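Written out below as structure tokens is the structure these notes cover.
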Amino acid sequence: MNINDKVERLIRPEVRQSTAYSVPDSAGFIKLDAMENPYRWPPEVIDRWLEVLRDVPLNRYPDPGAPQLKRRLREAMAIPPSMGVLLGNGSDELIQILLMALAQPESRVLAPTPTFVMYEIIAKAVGMDFIPVPLGADFALDTPALCAAIEEHRPAVTFLACPNNPTGNVFAADDVEALIRHSDGLVVIDEAYFAFTDVTFLEHLERYDNLLVLRTLSKLGLAGLRLGFLVGNRRWLNEFDKLRLPYNINSLTQASAEFALTNRGLLDEQVTCIRAEREQLFLALDSIPGIRAWPSETNFILFQLKRNNAQHVWNTLYSSGVLVKNLDSAGDALQGCLRVTVGTPAENRAFLNALRAAV
Ligand SMILES: *Cc1c(COP(=O)(O)O)cnc(C)c1O
């Protein structure tokens, strides 16, 4: 038996049929494709951070429960004291843990689309069916269609990214609450972009026992740390915790996240710059003939090439050293669309100049 036959026999078909998540090589590029905060810390803050790391005992396993970090998170994020917190190696890991706990024959995952791709990728990886329900006009929730789909498919969980990626908008609170009330499954509100909007559903947790709120420090400015957290009723989190691998949050991440949250003012200043720069970038984008941009409550902007030349424009930007995300191949609502992360003022200018030339 050759190795191909062995792979065919041993590896699950849904794994063989999928492709690994690909990240383009970005060395030397103006990197505006992954919703990263473009700012680093001032040298004196980096020095203080390195002092903290000096004391981290790398010969020991990390603190498994990370109680100090959790306390800091609770303060920094105003997490309701009655709610539990589960830490993940990025919020991606928490999506994986949650779906591993829910996966059983016939159990399904539902989400309005287009949305964050990992819900579908992880659902399929654990053998669950993914039910996409198209968003309505201006990427608002199509509540009647969603309620009908929830009744028909009885999903174990519905994911709502709010603000949504890649569309950048928040959903109306009334629509979201209608869905929560209509669901006998879990509803996870993914607030990865909480820093860039004033909308949050944390306060709703006490009212709905099927609601969970997912957050991450990635978009806030700490993507390299890989730290996400799930907030909700401890009855759910205790179950998910059984599937969390021991020591999933490494010692350097625990110490660094704690340090960063103690210096939250710095991150907040960066966020304030990014939010102001986002408004400038939106106005500039929307004024380019042939481009339609959507208002955003995140740190990125979705825009459409009205002449449907997205691939050509992406290639031209790439040749000019600017990396953005091409969403054209996702089709449907995203036809002709690219997504650009808000960078520094200089990066945004370089992007806009390259874009004007490309269009
Ligand atoms: C970026 C993103 C995530 C992933 O966050 P990590 O914590 O870096 O894994 C989750 N949800 C949405 C909607 C995102 O855009």
Side-chain angles (χ1 to χ4, degrees), residues 21-23 26 31-38 66 69 73 76-77 85-100 109-123 125 130 132 135 139 141 157-171 176 186-197 199-202 212-231 240 244-245 248-250 253-254 256-257 260-261 267 271 274 278 294 296-302 324-325 327 330 334 337 339-342:
Y21 191 84
S22 89
V23 177
S26 61
K31 192 170 184 314
L32 302 177
D33 64 332
M35 282 78 91
E36 291 146 331
N37 174 333
L69 173 56
L73 273 173
M77 306 283 160
V85 176
L86 187 69
L87 303 182
N89 194 314
S91 46
D92 287 350
E93 189 191 39
L94 290 165
I95 298 167
Q96 186 184 50
I97 289 173
L98 191 132
L99 292 185
M100 282 195 298
V109 178
L110 187 142
T113 56
T115 191
F116 185 52
V117 292
M118 292 312 292
Y119 311 141
E120 178 169 6
I121 291 173
I122 298 172
F130 178 79
L135 288 168
F139 303 126
L141 291 178
V157 58
T158 298
F159 284 100
L160 299 176
C162 185
N164 189 33
N165 171 9
T167 58
N169 58 313
V170 292
F171 301 129
V176 172
L186 286 167
V187 175
V188 175
I189 306 206
D190 182 344
E191 298 189 338
Y193 299 95
F194 70 90
F196 306 98
T197 179
V199 174
T200 174
F201 286 85
L202 276 179
L212 298 167
V213 172
L214 182 62
R215 285 190 171 192
T216 172
L217 300 188
S218 294
K219 314 294 158 62
L220 180 63
L222 301 166
L225 285 186
R226 310 303 299 129
L227 186 70
F229 54 104
L230 185 65
V231 185
F240 302 144
R244 184 177 63 86
L245 293 177
N248 64 329
I249 312 300
N250 74 71
T253 293
Q254 292 190 25
S256 302
L261 292 172
L267 294 172
V271 164
I274 294 167
R278 172 183 75 198
W294 280 272
S296 166
E297 300 211 21
T298 63
N299 63 342
F300 62 82
I301 295 176
L302 180 74
V324 300
K325 179 83 176 174
L327 297 163
L334 296 178
C337 286
R339 184 191 68 198
V340 62
T341 305
V342 180

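None of the values given here were measured: they were computed from a predicted structure. Ligands are counted one by one from 1 in listed order, and the atoms in each one are counted from 1 as well.
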### Task
Any atoms of ligand 1 less than 4.0 Å from a non-hydrogen atom of Gly90? List them with their elements.
7 (O), 9 (O)

## Note on the structure
In short, Trp294 meets Ile301 closest at the heavy-atom pair O-CG2, 3.8 Å

### Task
Kindly give the heavy-atom pair with the smallest separation between Arg226 and Asn89, and that separation in Å.
CB-OD1, 3.0 Å

### Task
Look at ligand 1 and say whether Glu93 reaches it with a heavy atom at a distance under 4.0 Å.
no

### Query
When Phe171 is tested against each of Val176, Val199, Ile189 for side chain to side chain contact (heavy atoms under 4.5 Å, CB included), which residue passes?
Val176

## Note on the structure
Within the 4.0 Å heavy-atom cut-off, what Arg226 brings close to ligand 1 is side chain

### Query
For atom 15 (O) of ligand 1, what's the nearest protein heavy atom and its distance?
Tyr193 OH, 2.6 Å

### Task
Considering heavy atoms of the protein only, find what lies nearest to atom 3 (C) of ligand 1 and give residue, atom and distance to 0.1 Å.
Phe116 CZ, 3.4 Å

### Task
Give yes if a backbone or side-chain nitrogen or oxygen of Tyr119 is under 3.5 Å from a nitrogen or oxygen of ligand 1, and no if not.
no

### Query
Is it true that a side-chain atom of Gln254 and a backbone atom of Ile249 form a donor plus acceptor pair closer than 3.5 Å?
yes

### Query
Taking atom CE of Met35 and atom OH of Tyr193, what is their separation to the nearest 0.5 Å?
3.0 Å

### Query
Among side-chain atoms of Thr200 and Arg215, is any donor-acceptor pair under 3.5 angstrom?
yes

### Leu87 side, atom CG; Leu94 side, atom CG - distance, nearest 0.5 Å
8.0 Å

### Query
What atoms of ligand 1 come within less than 4.0 Å of a heavy atom belonging to Asp92?
4 (C), 9 (O)

### Task
May I ask you to decide if Ile274's main-chain N or O and Asn299's side chain share a donor-acceptor pair within less than 3.5 Å?
no

### Query
Counting only heavy atoms, which portion of Met118 has something under 4.0 Å from ligand 1: side chain, backbone, both, or neither?
neither

### Close-contact set for ligand 1 against Ser218 heavy atoms, below 4.0 Å
6 (P), 7 (O), 8 (O)

### Query
Who's the nearest protein heavy-atom neighbour of atom 5 (O) of ligand 1, and how far?
Ser91 OG, 3.0 Å

### Protein heavy atom at shortest distance from atom 2 (C) of ligand 1
Lys219 NZ, 2.5 Å

### Query
Which bit of Asp190 gets closer than 4.0 Å to ligand 1, counting heavy atoms only: side chain, backbone, both or neither?
side chain

